[in-house]
There are 2 protein chains.
Amino acid sequence: MNEENQLLTRCLYFTASRFARNITKLAEETFDADDLAPSYLYLIMTVRFHPDITQKELCRKLSIAPSTSTRFIDKLEKRKLVTRTPGGKETFIALTDEGEKVYQHFRQSLEVLFERYSELLGREFSRDLSKMLHEASNKLEQNH
Amino acid sequence: MNEENQLLTRCLYFTASRFARNITKLAEETFDADDLAPSYLYLIMTVRFHPDITQKELCRKLSIAPSTSTRFIDKLEKRKLVTRTPGGKETFIALTDEGEKVYQHFRQSLEVLFERYSELLGREFSRDLSKMLHEASNKLEQNH
DNA sequence: ACCCTTCATTTGCATATACAAATATAAATT
DNA sequence: AATTTATATTTGTATATGCAAATGAAGGGT
C-alpha cells in the first residue's frame with residue numbers, strides 16, 4: 001500500500017467523516033420521514049425516553065451544540081411534534097401525540113436500517129463497529 | 001442496558017455521526033491551517049499524490065459530491081493553492097508551490113493528530129477502527 | 001455538417017451544524 | 001434588597017455538504 005492510501009485508510013478523521021456521509025445517505029433513504037433528517041428522529045427518540053428533559057441534557061446525550069438543539073426544537077415545535085415548557089432558565093421538552101406517532105414510525109424504519117446495513121456489512125461487524133464508535137466518542141468527550 | 005441506550009449504542013448512523021463530529025473538532029483544533037477546514041487538506045493531499053487529477057476522480061477518491069468539489073476547488077484556487085486546467089469536458093487539478101507548502105505543513109499536523117487520538121483511544125484500537133470504517137465505506141459505496 | 005445522447009462541471013437552493021455574542025433567569029454575595 | 005456571578009437558551013453569522021437543474025463539451029448516427 002502506498003503512502004497516499006496509508007494516509008486515507010489510517011486517518012480516523014477522514015475515514016470517520018467519509019463513513020458518516022455514506023451511512024447518513026443510507027439513513028435518509030431508509031427513513032423517508034416527513035422531510036425530517038435522521039438527526040431529528042434521534043432527538044425525538046431521546047425525548048420520548050426522557051419526557052420533560054432539558055435542552056442541556058439533550059445536547060449532552062446527543063453530542064450536539066446548544067444552538068443546534070435550539071434550531072432542531074424550533075423546527076419540531078413548529079411541526080407540533082414536541083412542546084417547549086420554559087421553567088426558569090431551563091426549558092423542558094416533551095413529545096406531543098403526533099410526535100409519539102412519528103417516533104413509532106421511526107422505530108420501525110430503524111429496524112429496516114439495521115437490516116440494510118447488517119446485510120451489507122455483516123451483522124457482527126456492524127455491531128462491533130457501532131460499539132467502538134460509541135466508546136471512542138465517550139473517550140474523546142471525556143477529554144473535552 | 002435499557003432500550004434507549006441500546007438504540008443509541010447500536011445504531012451505526014447515530015454512533016458514526018456523533019463520532020465524526022467529535023473527531024472533526026479534534027482535527028480542527030490540531031490543524032489550525034489558514035482557516036482551511038480539514039476536508040480541504042485531504043483534497044490537497046489527494047491532488048498532491050495525483051497531479052492533474054480530474055474532478056470526477058477526486059470526488060470518487062474522497063467520496064464527496066461533485067458540487068462539493070467545485071466549491072472546495074473554488075476556494076483553494078482563490079487562495080492560489082491549486083490550479084484548474086480545463087481540458088474538454090473534464091477539468092484537471094494540480095497543486096501550486098504554495099499548495100505544496102500547505103501540504104507539507106498539513107502532513108506534519110497529521111502526525112500530531114494521529115498522536116493525539118492514539119493517546120486517547122489506544123494505538124491499536126484507532127488503527128482497527130479506522131480500517132473498519134474504511135472497509136465499511138467501500139462496501140456501502142459498492143452498493144450505490 | 002447536424003442532431004441526439006452522454007457525461008463532467010457548475011449553479012441555485014436548502015440544511016445541518018458550529019462558534020461567539022447576546023439575552024434571560026436563577027443563585028450567591030454583599 | 002441590590003448587585004454580581006453563573007448558567008441555559010437564543011440569535012447572528014458562517015460553512016460544509018448535498019440534490020436537482022442548468023450548462024458545456026464530446027462523440028455517434030444519420
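Every chain is numbered from 1 and lettered A, B, ... according to where its sequence line falls, protein lines coming before strand lines.
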Requested in this report: Figure out the CD1/P separation between A/I73 and C/dT17, and round it to whole Å.
Outcome: 13 Å
Query raised in the report: At under 4.0 Å, does any side-chain N or O of B/K89 touch on OP1 or OP2 of D/dT23?
Result: no
**Report entry** Any donor-acceptor N or O pair under 3.5 Å, side chains A/T46, B/E4
**Finding:** no
Requested in this report: Can you tell me the distance, in whole Å, between the CG atom of A/L41 and the C1' atom of C/dT15?
Outcome: 15 Å
Query raised in the report: Just checking A/S67: base, sugar-phosphate only, or nothing, at a heavy-atom cut-off of under 4.0 Å?
Result: base
Query - Any B/S39 side-chain nitrogen or oxygen under 4.0 Å from OP1 or OP2 of D/dT17 - result: yes
Query - Minimum heavy-atom distance B/S109-B/T30, with the two atoms named - result: O-CG2, 3.7 Å
Query raised in the report: Is any side-chain N or O of A/Y40 closer than 4.0 Å to OP1 or OP2 of C/dA16?
Result: yes
Query raised in the report: CZ of A/R71 versus C1' of C/dT15: gap in Å, rounded?
Result: 12 Å
Requested in this report: Considering only NZ, NE, NH1 and NH2 on the basic side and carboxylate oxygens on the acidic side, decide whether B/R127 and B/E124 come within less than 4.0 Å.
Outcome: no
Query - salt_bridge(B/R84, B/D74) N-O dist < 4.0 Å - result: yes
Query - SB check A/R107 A/E111 (cutoff 4.0 Å) - result: yes
Query - Atom pair distance, as rounded to whole Å: NZ in A/K78 and C1' in C/dT15 - result: 13 Å
Requested in this report: May I ask whether A/F92 and A/I53 are part of the same hydrophobic cluster, defined by side-chain heavy atoms of I, L, V, M, F, W, Y residues being less than 4.5 angstrom apart, directly or through others?
Outcome: no
Query - Residue whose closest nucleotide on DNA chain C lies nearer the 5' end, A/K75 versus A/G88 - result: A/K75
Query raised in the report: So, are A/R10 and A/E3 salt-bridged, with charged N and O less than 4.0 Å apart?
Result: no
Report task. For B/F31 and D/dT15, give me the distance from atom CZ to atom C1', rounded to whole Å. Result -> 17 Å
Query raised in the report: Does A/R84 put a side-chain nitrogen or oxygen below 4.0 Å from OP1 or OP2 of D/dT10?
Result: yes
**Report entry** Check against side chain to side chain contact (heavy atoms under 4.5 Å, CB included), B/D128 and A/M132
**Finding:** CA-CA 10 Å; B/D128 290 349; A/M132 288 168 83; 4.1 Å; yes
Report summary line: Checking D/dA16, C/dT17, D/dG18 against the side chain of B/A37 (C-beta onward), the nearest is D/dA16
Requested in this report: Quickly work out the A/E28 CD to D/dA20 C1' distance and round it to whole Å.
Outcome: 15 Å
Query - Member of A/Y117, A/Y42, A/F106 meeting the ring pair (Phe, Tyr, Trp, His ring centres under 6.0 Å) criterion with B/Y13 - result: A/Y42
**Report entry** Nearest listed nucleotide, side chain of A/E90, among D/dA8, D/dG12, C/dT17
**Finding:** D/dA8
Query raised in the report: Does anything in residues 13-27 of chain B reach DNA chain C, meaning a heavy atom under 4.0 Å, and if so which residues?
Result: B/R21, B/K25
Query raised in the report: Is the shortest side-chain N/O distance from B/T68 to OP1 or OP2 of D/dT17 below 4.0 Å?
Result: no
Query raised in the report: What are the residues of residues 50-66 of chain A, sorted by number, that bring a heavy atom to within less than 4.0 Å of DNA chain D?
Result: A/Q55, A/K56, A/P66
Requested in this report: Let me know the distance between CG of B/D74 and P of C/dA8, rounded to the nearest Å.
Outcome: 19 Å
Report task. Please report, rounded to the nearest Å, how far the P atom of D/dA16 is from the CG atom of B/L43. Result -> 12 Å
Query raised in the report: Is any side-chain N of the basic residue among B/K56 and B/E90 closer than 4.0 Å to the acidic one's carboxylate O?
Result: no
